[in-house]
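Each chain gets a letter, A, B and so on, in the order its sequence line appears, and its residues count up from 1.
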There are 2 protein chains.
Amino acid sequence: MTEKALDILQRHQLRNTAVRRQVLEQFLQAGHKALSNSDLEDALENPDRITLYRTLKTFEQKGIVHQAIDGSGTTKYALCQDECSEHEHHDDHAHFHCHDCGKTICLEGSIKSAVQLPEGFQVQQKHFVLEGTCADCQPE
Amino acid sequence: MTEKALDILQRHQLRNTAVRRQVLEQFLQAGHKALSNSDLEDALENPDRITLYRTLKTFEQKGIVHQAIDGSGTTKYALCQDECSEHEHHDDHAHFHCHDCGKTICLEGSIKSAVQLPEGFQVQQKHFVLEGTCADCQPE
DNA sequence: GTATTTTTGCAACAATGTTGCATAAATAAT
DNA sequence: ATTATTTATGCAACATTGTTGCAAAAATAC
Ligand SMILES: [Mn+2]
Ligand SMILES: [Mn+2]
Ligand SMILES: [Zn+2]
Ligand SMILES: [Zn+2]
């Protein structure tokens, strides 16, 4: 299982360190679930929040994870699909945010929506957030 | 011009105070532009950030303003269209966020997008954010 | 004008984001 | 395998934002 983490580090030319391996493990385990800095602090043994912060920044930059915009105020990240690379993110999918448990997950499929934009505006990226109650938090 | 602000306060049964009037003026002036707490701190004469914070919360709750989710990390608010009321927001429009100047504006038209949701998930609200460069920040 | 209700301003604290810097660790060179 | 070089880590320090409690001030009701 650490194998996959190691592979990712190598492919992105990142040094193989304990923190990075552990963080990657968490993301691999999380699947479509997005993780915040504080999530990682809870999950790891002796975490340093600044190191985690920088690790996430690095991973984002390398195209390993992407920010999952969910309107929650705190930054969350989720594993990118394979196609992403440095300066080339391809994460045009929607995110679901459960305002009950706070969980945020990546949804399948890409966003397609026609919104009329004022003259002279240039769109670079789109974020689509669905907010509501996840399956686990459904009443009865 | 203060007339409109006063009218809004009355219609929502809010006490007519200096801070509230000033904040409303700012929003009326801002039009489609969303304002952060700190924007208001800059704009007003002797602002207290906690009072502004609570004022915004109150306005939001009353359906006077709505949060403009833009992934910027800080909370921004914009004037609701008339139809909104307490516990009944109808702000299903997209927002544009300029990552150059940081400005966020409300876009016309409502969001329509079909994303496939996993079994058991219930959507309550949708946020659509377009990120890029606004007209003012366009090169040459 | 006085009583009552609400708002304001301040203190205080928590959480998150962010940078600088010395030390430790990882990789490259010998 | 040792040493040199490069990079990552951990800690201090600080900024910003969000959030609550509480007494004084202001707005409305009586
Ligand atoms: Mn995602
Ligand atoms: Mn809006
Ligand atoms: Zn949930
Ligand atoms: Zn701009």
Side-chain angles (χ1 to χ4, degrees), chain A residues 2 5-26 34-62 64-65 67-77 86 97 99 102 104, chain B residues 2 5-26 34-62 64-65 67-77 86 97 99 102 104:
Chain A
T2 306
L6 282 178
D7 180 53
I8 293 176
L9 288 177
Q10 278 190 226
R11 270 193 290 126
H12 293 87
Q13 300 161 95
L14 286 173
R15 291 195 173 185
N16 167 15
T17 72
V19 178
R20 286 176 178 167
R21 262 177 284 126
Q22 288 173 78
V23 171
L24 274 179
E25 293 299 342
Q26 292 300 319
L35 301 176
S36 67
N37 205 316
S38 120
D39 287 337
L40 292 168
E41 285 181 62
D42 292 344
L44 302 193
E45 32 256 63
N46 46 354
D48 175 69
R49 69 186 196 90
I50 288 96
T51 302
L52 290 178
Y53 167 76
R54 282 195 266 230
T55 301
L56 290 172
K57 286 280 224 184
T58 303
F59 283 5
E60 184 190 16
Q61 201 205 5
K62 289 286 188 174
I64 298 173
V65 299
Q67 278 198 228
I69 305 295
D70 71 351
S72 73
T74 52
T75 312
K76 292 179 187 171
Y77 296 91
E86 186 153 10
H97 180 230
H99 52 42
T104 300
Chain B
T2 307
L6 282 178
D7 179 54
I8 293 176
L9 288 177
Q10 279 189 225
R11 270 193 289 126
H12 293 88
Q13 300 160 93
L14 286 173
R15 291 196 174 184
N16 167 15
T17 73
V19 178
R20 285 176 180 166
R21 262 179 283 126
Q22 289 175 77
V23 171
L24 273 179
E25 293 299 343
Q26 291 301 318
L35 301 176
S36 67
N37 205 315
S38 121
D39 287 336
L40 292 168
E41 285 181 63
D42 292 344
L44 302 193
E45 31 256 65
N46 46 354
D48 176 69
R49 68 186 199 90
I50 289 97
T51 302
L52 290 178
Y53 167 75
R54 283 195 267 230
T55 301
L56 291 171
K57 285 280 223 186
T58 302
F59 283 5
E60 184 190 17
Q61 203 206 4
K62 290 286 187 175
I64 299 174
V65 300
Q67 278 197 227
I69 305 294
D70 71 351
S72 73
T74 52
T75 312
K76 292 180 186 170
Y77 296 89
E86 187 153 11
H97 180 229
H99 51 40
T104 301

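- When the nearest nucleotides of DNA chain D are assigned to B:G73 and B:L14 by heavy-atom distance, the more 5′-ward of the two goes with B:G73.
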- Task: Using the side chain to side chain contact (heavy atoms under 4.5 Å, CB included) rule, take B:T55 and B:L40 through it: C-alpha gap first, then chi angles, then the decisive distance, then the call.
- Result: CA-CA 11 Å; B:T55 301; B:L40 292 168; over 6 Å; no

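- The interatomic distance linking A:D48 (CG) with C:dT16 (C1') rounds to 14 Å, in whole Å.
- Within the structure, every side-chain polar atom (N or O) of A:K57 is placed at least 4.0 Å from both OP1 and OP2 of C:dG17.
- Across all strands shown, A:T51 has heavy atoms under 4.0 Å from base atoms, whether or not it also approaches the sugar-phosphate.
- In this entry the distance linking CD1 of A:I50 with C1' of D:dC11 reads 7 Å, nearest Å.
- Counting to the nearest Å, the C1' atom of D:dT19 and the CG atom of B:L52 are 15 Å from each other.
- Put simply, B:S36 has no side-chain N or O that comes within less than 4.0 Å of OP1 or OP2 on D:dT17.
- In this structure, CZ in B:R15 is found 8.5 Å from CZ in B:R20, a value given to the nearest 0.5 Å.
- A donor-acceptor contact shorter than 3.5 Å is absent between the side chain of B:R49 and the backbone of B:N37.
- Atom CZ in A:F59 sits 10.0 Å away from atom CG in A:L52 (nearest 0.5 Å).
- As judged by a 4.0 angstrom heavy-atom cut-off over every strand, A:R54 is placed among the base-contacting residues.
- For B:R15, no side-chain nitrogen or oxygen approaches OP1 or OP2 of C:dT5 to under 4.0 Å.
- Side-chain N/O atoms of A:S38 include none lying less than 4.0 angstrom from OP1 or OP2 on C:dA15.
- Between the CG atom of A:N16 and the C1' atom of C:dA28 there is a distance of 16 Å, given to the nearest Å.
- For the pair B:L24 CG and C:dT7 P, the computed distance is 14 Å after rounding to whole Å.
- B:Q61 has its CD atom 14 Å from the P atom of D:dT19, to the nearest Å.
- B:T75 comes within 4.0 angstrom of sugar-phosphate atoms only, judged by non-hydrogen atoms across all strands, and of no base.
- B:Y53 has no side-chain polar atom (N or O) that falls below the 4.0 Å cut-off from OP1 or OP2 of D:dT17.
- Here B:R49 lies in heavy-atom contact (under 4.0 Å) with a base.
- Nucleotide D:dG18 holds its P atom 9 Å from the CD atom of B:Q67, rounded to whole Å.
- Rounded to an integer number of Å, the gap from B:D42 CG to D:dT17 C1' is 14 Å.
- Considering every non-hydrogen atom in both B:I64 and B:L24, the closest pair reads CG2-CD2, 3.9 Å.
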